[in-house]
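Report on the structure given below.
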Amino acid sequence: MNLRHVKPAGEAIFKDRYTTKAKELLTPWQKGTTHDFSVVGVPLSKPSISHSGASQAPGAIRAALQSYTTYSAEAGVEFTEPIIDFGDIYMDPTDIKGNQHRIYEGLSDVYSTNAANHWMVLGGDHSISYSSIKAYAKDRTVGVIQFDAHHDLRNTEDGGPTNGTPFRRLLDDSIIDGENLVQIGIRDFTNAKAYQDYADANGVAVYTMNDVDQNGMKAILEKELARLAGKVDEIYMSVDVDVLDQAFAPGCPAIGPGGMDSNTLLEGVLFASENKKVNTMDIVEIDPTIDFRNMTSRIAAYVMLSFMKGKRMNFRN
């Protein structure tokens with residue numbers, strides 16, 4: 001029997017014949033398939049120092065892609081190729097350290113497929129970046145551009161491998177070199193002096209929000225990308241959404257004033273993505289359970305599209 005007007009759950013929505021939504025590009029990974037872009041979710045938030053539901057962010061960010069079309073009027077680019085979706089890495093309910101190792105193993109397998117030229121990793125809290133970068137750096141020298149309000153260089157003695165420790169662990173474990181780490185958007189009254197001292201002692205390039213305001217995002221990135229490009233094989237971009245002011249990202253566990261506006265962050269992501277060595281990005285620290293009208297998840301989805309746009313513009317140039 002034919003049921004009139006009845007469609008599968010979630011598909012009874014308006015469809016403009018000329019419009020394709022970005023979410024429609026997501027296509028489950030199949031062995032042997034290759035495309036330009038891919039996405040994988042890492043739903044871990046239990047190592048967070050503050051209360052966090054960031055484990056729900058990968059799904060929320062994917063859903064937020066429905067808010068945008070596949071066409072960039074500014075670049076004159078229409079995205080039509082599928083985005084390979086590897087799904088999410090399984091997280092044990094109680095085994096935090098085991099989960100971080102599972103992330104390393106899972107992303108090692110994902111990266112080794114060579115199924116995509118460009119990788120987008122959706123957290124999760126910022127602790128996932130340790131495992132992701134460790135997996136990505138297995139057979140190459142990696143530099144990191146970190147957009148963040150915090151150094152995330154905390155010691156591990158006081159709380160173990162939390163979301164405040166990923167870059168301390170990467171440096172202490174010699175996975176990346178301190179001179180190959182660039183932190184942009186570090187905020188006043190948000191970090192301890194001991195961690196600024198640690199950054200200085202290890203040669204980390206630190207740019208505060210005042211530096212961003214005074215010098216401009218593009219000038220900072222132009223300088224640091226050129227420096228890193230001469231030293232590393234690949235540049236990994238880590239976007240902690242709490243770099244944004246609380247007005248733009250209400251769905252971050254660690255909101256605060258004095259942060260970046262969304263246009264400045266998107267400008268930075270786009271500019272960095274145009275560099276040939278920037279091919280992998282993670283987006284972390286979004287808690288959809290405290291978000292307002294999906295504002296923060298929508299920014300993350302736009303970050304994804306800005307990354308894709310930057311890579312396409314680089315290809316065209």
Do the side chains of [X] and [Y] join up, straight or via other hydrophobic residues, at under 4.5 Å, putting them in one cluster?
X	Y	answer
Tyr236	Ile145	no
Val40	Met120	no
Leu122	Val110	no
Ile286	Ile290	no
Val39	Leu44	no

In the structure I gave you, are the side-chain heavy atoms of [X] and [Y] within less than 4.5 Å of one another anywhere?
X	Y	value
Asp287	Ser45	no
Thr113	Trp29	yes
Phe147	Met217	yes
Ile184	Leu221	yes
Pro93	Lys46	yes
Gln246	Pro257	yes
Arg102	Asp95	yes
Asp213	Met209	yes

Out of curiosity, Thr289 OG1 to Gln56 CD, how far, rounded to the nearest 0.5 Å?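 Reported value, rounded in 0.5 Å steps: 6.0 Å.
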What distance do Phe79 atom CZ and Ser72 atom OG have between them, rounded to the nearest 0.5 Å?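 One finds 7.0 Å between CZ of Phe79 and OG of Ser72.
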Shortest non-hydrogen contact from [X] toward [Y]:
X	Y	value
Ser297	Pro288	OG-CG, 4.5 Å
Ile103	Ser131	CG2-CB, 3.5 Å
Gly159	Thr162	O-CG2, 3.3 Å
Thr165	Gly160	CG2-O, 3.6 Å
Lys97	Pro161	CE-CD, 3.8 Å
Ala199	Leu153	CB-CD1, 3.7 Å

May I ask you to decide if [Y]'s main-chain N or O and [X]'s side chain share a donor-acceptor pair within less than 3.5 Å?
X	Y	value
Thr34	Gly32	no
Asp92	Asn99	no
Lys277	Val232	yes
Ser67	Leu65	no
Tyr68	Arg298	yes
Lys311	Val278	yes
Ser132	Ile128	no
Thr19	Asp16	no
Asn191	His151	yes

Answer yes if the side chains of [X] and [Y] hold a donor-acceptor pair under 3.5 Å, and no otherwise.
X	Y	answer
Asp152	Tyr130	no
His126	Asp148	yes
Asn279	Glu234	yes
Asn155	Tyr195	yes
Asp240	Ser238	no
Tyr111	Thr280	no
Ser48	Asn163	yes
Thr208	Asn210	no
Thr264	Asp261	yes

Chi angles and distances behind the side chain to side chain donor-acceptor pair (under 3.5 Å) call for Asn263, Glu267: CA-CA 6 Å; Asn263 195 54; Glu267 174 190 53; over 6 Å; no
Please determine whether side chain to side chain contact (heavy atoms under 4.5 Å, CB included) holds for the pair Ile83 and Met308, giving the CA-CA distance in whole Å, both sets of side-chain angles, and the decisive distance to 0.1 Å. CA-CA 10 Å; Ile83 301 171; Met308 294 170 61; 3.8 Å; yes
Given salt bridge (charged side-chain N to carboxylate O under 4.0 Å, His left out), test Asp85 with Arg62 step by step and report yes or no. CA-CA 10 Å; Asp85 192 339; Arg62 287 184 180 96; 2.9 Å; yes
Please test Ser262 against Tyr302 for side chain to side chain donor-acceptor pair (under 3.5 Å), starting from the C-alpha separation and ending with a verdict. CA-CA 10 Å; Ser262 58; Tyr302 208 109; over 6 Å; no
Are Ile235 and Met237 close enough, and set up right, to give a side chain to side chain contact (heavy atoms under 4.5 Å, CB included), and what steps lead you there? CA-CA 7 Å; Ile235 300 172; Met237 186 160 55; 5.9 Å; no
Is the charged tip of Lys218 near the ring of Phe271: under 6.0 Å from the six-membered ring centre and within 45° of its axis?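 Negative - Lys218 is either too far from the ring of Phe271 or too far off its axis.
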With under 30° as parallel and over 60° as perpendicular, where do the rings of His118 and Phe37 fit, or are they tilted in between? tilted
Can you tell which of Glu78, Glu274, Glu74 makes a salt bridge (charged side-chain N to carboxylate O under 4.0 Å, His left out) with Lys309? Glu74
Take atom [atom1] of [X] as the centre, draw a 6.0 Å sphere, and report whether it contains more than 12 heavy atoms from other residues, nucleotides or ligands.
X	atom1	answer
Lys23	NZ	no
Tyr90	OH	yes
Lys7	NZ	no
Arg293	CZ	no

Knowing that exactly one of Ile299, Asp291, Thr296 qualifies, which makes a side-chain contact (heavy atoms from CB on, under 4.5 Å) with Cys252?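 When side-chain contact (heavy atoms from CB on, under 4.5 Å) is applied between Cys252 and each of Ile299, Asp291, Thr296, only Thr296 qualifies.
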Please identify which of these residues, Val182, Leu171, Asn180, meets the side-chain contact (heavy atoms from CB on, under 4.5 Å) condition with Val204.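 For Val204, the side-chain contact (heavy atoms from CB on, under 4.5 Å) check succeeds only for Leu171.
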Below 4.0 angstrom, N of the basic side chain to O of the carboxylate: do Arg169 and Asp173 qualify? no
Between Met313 and Leu270, is the side chain to side chain contact (heavy atoms under 4.5 Å, CB included) condition met? List the steps. CA-CA 9 Å; Met313 290 173 68; Leu270 176 64; 4.0 Å; yes
Steps toward side chain to side chain contact (heavy atoms under 4.5 Å, CB included) verdict (Trp119, Phe86): CA-CA 11 Å; Trp119 312 85; Phe86 283 92; 3.8 Å; yes
